[in-house]
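What follows is a set of notes on a single structure, which appears directly below.
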Amino acid sequence: MASQNNTGRQYDKQHAVTLVAIAAVAAYRFVAYDGGYPTAAGAAKDVQGVTEHAAEPGEAVSVVTGYSYLVEAGEAIAFGALVKPDLVGKAVAGTAADHCGRALGAATQAGQLIEVQLYKHVHA
């Protein structure tokens with residue numbers, strides 16, 4: 001849960017955009033450019049950023065797009081691991097061929113918030 005150099009939750013939000021949600025989205029989740037989850041229904045859409053708050057379909061949601069933000073973990077994640085979104089936008093272990101960020105903290109279980117450095121999404 002803690003960042004590499006801070007024992008509390010932190011992030012370095014440099015940029016954000018406003019999207020209109022096309023589906024219900026939760027706070028602290030990866031979201032695609034169209035306002036939905038990047039991997040919902042088997043899609044492989046690019047991640048634009050991380051939601052700052054929850055939104056219902058048709059509502060505006062602020063999405064952090066630059067440097068880092070808190071993301072809800074979908075599983076245990078080691079510090080420094082590459083991460084990608086699961087079906088509901090939570091951070092799970094990624095690979096060199098499929099990732100959208102790097103964990104700047106560690107999660108010991110699903111549901112914890114970790115700081116993630118945001119990268120351009122890479123797909124296999």
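None of these values were measured; they are calculated from a predicted model.
By the 4.5 Å heavy-atom criterion applied to side chains, L118 and V64 are counted as neighbours. K13 places none of its side-chain heavy atoms less than 4.5 Å from the side chain of Y67. With a 4.5 Å cut-off on side-chain heavy atoms, T39 and K45 do not count as touching.
Residues F30 and V83 approach most closely at CZ-CG2, 4.1 Å, considering heavy atoms. Residue P85 comes nearest to C100 through the heavy atom pair CD-SG, 3.8 Å, listed as atom of the first residue, atom of the second, then distance. The minimum heavy-atom distance linking Q112 with A106 is given by the pair OE1-O, 4.5 Å. Heavy-atom minimum distance, A32 versus L19: O-CD1, 3.5 Å. When every heavy atom of S62 is checked against every heavy atom of H53, the shortest pair comes out as N-NE2, 3.3 Å. Heavy atoms only, all atoms of each residue included: I114 and A103 are closest at CD1-CB, 4.1 Å.
Connection of L113 to V116 is established within a shared hydrophobic cluster, with ILVMFWY side chains joined at heavy-atom distances below 4.5 Å, either directly or through further cluster members. Transitive grouping of hydrophobic side chains (ILVMFWY, heavy atoms separated by less than 4.5 Å) keeps L82 and V47 in distinct clusters.
H15 meets the side chain to side chain contact (heavy atoms under 4.5 Å, CB included) test with T65; sequence neighbours excluded. Qualifying salt bridge (Lys or Arg N to Asp or Glu O under 4.0 Å) partners for D46, counting only residues two or more places apart in sequence or in other chains: none. A76 pairs by the side chain to side chain contact (heavy atoms under 4.5 Å, CB included) definition with nothing, not counting sequence neighbours. The side-chain hydrogen bond (donor to acceptor under 3.5 Å, both in side chains) test applied to Y119 returns R102, not counting sequence neighbours. Qualifying side-chain hydrogen bond (donor to acceptor under 3.5 Å, both in side chains) partners for H121, counting only residues two or more places apart in sequence or in other chains: D98. Under the salt bridge (Lys or Arg N to Asp or Glu O under 4.0 Å) criterion, E72 pairs with R29, K90, not counting sequence neighbours. A55 pairs by the side chain to side chain contact (heavy atoms under 4.5 Å, CB included) definition with A21, V25, E59, V61, not counting sequence neighbours. Qualifying side chain to side chain contact (heavy atoms under 4.5 Å, CB included) partners for A60, counting only residues two or more places apart in sequence or in other chains: T18.
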Walk me through it: do V63 and V50 pass the test side chain to side chain contact (heavy atoms under 4.5 Å, CB included)? CA-CA 5 Å; V63 176; V50 179; 5.7 Å; no

Start with the C-alpha gap between Y69 and E52, add the side-chain angles, then the distance that decides, and say whether side chain to side chain contact (heavy atoms under 4.5 Å, CB included) holds. CA-CA 9 Å; Y69 201 64; E52 289 195 84; 3.6 Å; yes

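Side-chain polar atoms of E115 and S68 form a donor-acceptor pair below 3.5 angstrom.
Listed by first and then second residue, the salt bridge (Lys or Arg N to Asp or Glu O under 4.0 Å) pairs involving residues 19-28 amount to none (not counting sequence neighbours).
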